[in-house]
Protein chains: 2
Amino acid sequence: MTKPVFDRGPGLAPEQMSTYFALTEAVGLLQHHVEQQLRTDGDLSTVQFQILASLAAAGGRLTMTELADGVVYSRSGLTYQAGLLEKAGLITRGPSPDDERSILVTITDAGLARVRQVLPGHVEVAERLLFDPLSESDVARLGEIMTRVRDHMRAQPPRSAAPRKRRSAASEAAKGD
Amino acid sequence: MTKPVFDRGPGLAPEQMSTYFALTEAVGLLQHHVEQQLRTDGDLSTVQFQILASLAAAGGRLTMTELADGVVYSRSGLTYQAGLLEKAGLITRGPSPDDERSILVTITDAGLARVRQVLPGHVEVAERLLFDPLSESDVARLGEIMTRVRDHMRAQPPRSAAPRKRRSAASEAAKGD
DNA sequence: GGGAGGTGCTTCGAATTCGAAGCAAACATC
DNA sequence: GATGTTTGCTTCGAATTCGAAGCACCTCCC
């Protein structure tokens with residue numbers, strides 16, 4: 001993953017190439033360690049933590065769709081994980097007053113407690129693996145850059161606007177995304 | 001995932017917090033799009049692409065362990081994917097002359113062709129989602145930072161040095177990792 | 001050179017993942 | 001206010017994932 005055969009043709013500049021790979025691998029490693037920590041400290045998967053964290057950040061309750069948009073994840077996977085979290089007593093699910101179709105997910109006290117329980121370790125891992133080798137200025141710049149990138153990506157069609165198959169199979173011909 | 005309840009206590013500075021979340025989400029989104037592109041353009045999963053790319057980058061052949069170190073992935077998952085790739089004719093597996101236990105994985109011409117086939121689209125996605133909103137200076141800095149972070153993480157005990165259970169259950173007491 | 005322990009890889013079962021299909025409520029258009 | 005379409009969520013089956021356990025080879029050390 002260092003000196004690709006690929007920098008031929010009109011592709012990414014070498015600088016972009018190595019940036020891309022470094023980014024990918026570093027984040028992959030980080031995620032892996034985080035996964036371990038969350039499992040060890042609080043018996044949570046990363047997704048479960050993200051769900052709980054999103055809820056906490058949002059003030060306690062969100063619909064499934066809002067949750068799906070905050071987490072890079074499939075709808076069905078979310079349903080599955082929400083089921084586990086509910087069974088574990090960390091969230092509750094109830095009908096929405098506004099929209100009969102929606103499900104309102106609410107974090108419980110136990111859920112909040114669990115978040116607080118794993119947070120120190122979580123922070124410690126991020127501190128040790130990610131921020132340790134970075135200066136304040138690095139962090140600032142990195143944050144600024146990634147925020148820009150994230151917002152840019154969010155502007156692209158979001159995952160939850162996924163292609164619900166066209167009405168008829170007839171209009172298939174004009175398919176070109 | 002924006003204004004956590006969590007910046008309380010001696011944790012990460014707010015700046016670190018938002019940097020961390022932006023990084024995580026942006027890369028998640030990127031991975032998701034890449035996944036789609038690879039599947040569409042060349043019927044490959046990200047892992048499969050990484051395997052092929054690692055092989056190509058390494059000059060054509062690697063052992064399973066070397067491969068595992070280059071990819072953030074479990075050993076058994078690698079075996080599984082290697083099986084699929086072999087069945088698809090994109091790699092071959094053979095014994096190592098040096099070490100009878102090792103398996104030498106070699107990329108085939110078809111494998112190389114497949115990499116070249118998906119590469120333009122891959123590059124296009126990275127270009128559009130990641131690099132589009134970044135200046136040259138951003139890319140340089142980002143690359144420099146992430147390389148530093150990656151190397152720092154690599155220095156931590158690598159994934160493949162995974163804990164082969166202790167010799168006896170007796171020395172369990174002193175477990176604290 | 002023989003045994004103990006370490007290493008490289010695969011197999012196994014259980015858990016998680018995804019997309020497609022299904023169901024019901026909401027919305028639009030007439 | 002009916003009918004067709006869209007939207008929110010779940011269920012389903014198939015594919016992928018992981019860690020633990022297993023097998024075979026290698027290495028160290030007496």
Side-chain angles (χ1 to χ4, degrees), chain A residues 28 31-32 35-36 38-40 43-51 62-69 71-88 91 93-105 158-169 171, chain B residues 28 31-32 35-36 38-40 43-51 62-69 71-88 91 93-105 158-169 171:
Chain A
Q31 287 175 335
H32 185 77
E35 186 83 39
Q36 310 268 99
L38 289 175
R39 183 60 68 193
T40 302
D43 198 41
L44 291 176
S45 68
T46 301
V47 197
Q48 290 170 342
F49 174 74
Q50 287 177 328
I51 292 175
L62 288 173
T63 67
M64 292 294 277
T65 294
E66 289 168 334
L67 224 37
D69 283 339
V71 176
V72 184
Y73 213 59
S74 77
R75 259 10 201 301
S76 48
L78 194 59
T79 296
Y80 176 75
Q81 289 296 346
L84 293 185
L85 287 174
E86 185 172 38
K87 195 178 319 182
I91 63 169
R93 282 185 288 186
S96 166
D98 300 328
D99 189 332
E100 197 63 32
R101 293 165 303 178
S102 291
I103 298 285
L104 264 187
V105 181
R159 204 159 355 306
S160 68
R164 189 67 66 99
K165 227 79 239 179
R166 288 167 186 65
R167 69 289 298 291
S168 78
S171 52
Chain B
Q31 287 175 335
H32 185 77
E35 186 83 39
Q36 310 268 100
L38 289 175
R39 184 59 68 193
T40 302
D43 198 41
L44 290 176
S45 69
T46 300
V47 197
Q48 291 171 342
F49 174 73
Q50 286 178 328
I51 293 175
L62 288 172
T63 67
M64 292 293 277
T65 295
E66 289 167 333
L67 225 35
D69 284 339
V71 177
V72 182
Y73 212 61
S74 77
R75 252 59 158 42
S76 48
L78 194 58
T79 296
Y80 177 74
Q81 289 295 347
L84 293 186
L85 287 174
E86 185 173 39
K87 195 178 317 183
I91 62 169
R93 281 185 289 187
S96 165
D98 300 328
D99 189 332
E100 197 64 30
R101 293 166 305 179
S102 291
I103 298 285
L104 263 187
V105 181
R159 196 164 21 295
S160 68
R164 191 66 70 100
K165 230 74 239 182
R166 290 165 186 64
R167 65 288 298 294
S168 78
S171 52

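Labels below follow one simple rule: chain letters A, B, ... track the order of the sequence lines, proteins then strands, and each chain is numbered from 1.
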Correct closest heavy-atom pair for A:R93 and A:A82 would be NH1-CB, 3.9 Å

Looking at D:dC18, C:dT10, C:dA25, which one has an atom nearest to any side-chain atom of B:M64? C:dT10

Taking D:dC26, D:dT10, D:dG19 as options, the one with an atom nearest any side-chain atom of B:D99 is D:dC26

Between C:dT10, C:dG19, D:dT10, spot the one nearest the side chain of B:Q36, thanks. C:dG19

Considering only heavy atoms from C-beta outward, does the side chain of B:Q36 approach that of B:H32 to under 4.5 Å? yes

Distance test, side-chain N/O of B:Y80 to OP1/OP2 of D:dT17, below 4.0 Å: no

Does A:R93 have a side-chain nitrogen or oxygen under 4.0 Å from the phosphate oxygens OP1 or OP2 of D:dC9? no

So, OP1 or OP2 of D:dT16: does either fall under 4.0 Å of a side-chain N or O from B:Q48? no

Between A:R101 and A:L78, who's closer to the 5' end of DNA chain D by nearest nucleotide? A:R101

Quick check: closest heavy atoms across A:L38 and A:T46, and the distance to 0.1 Å? CD1-CA, 3.8 Å

When you match A:L84 and A:D98 each to their closest nucleotide on DNA chain C, which lands nearer the 5' end? A:L84

If you assign each of A:S76 and A:S102 to its closest nucleotide in DNA chain D, which residue comes earlier from the 5' end? A:S102

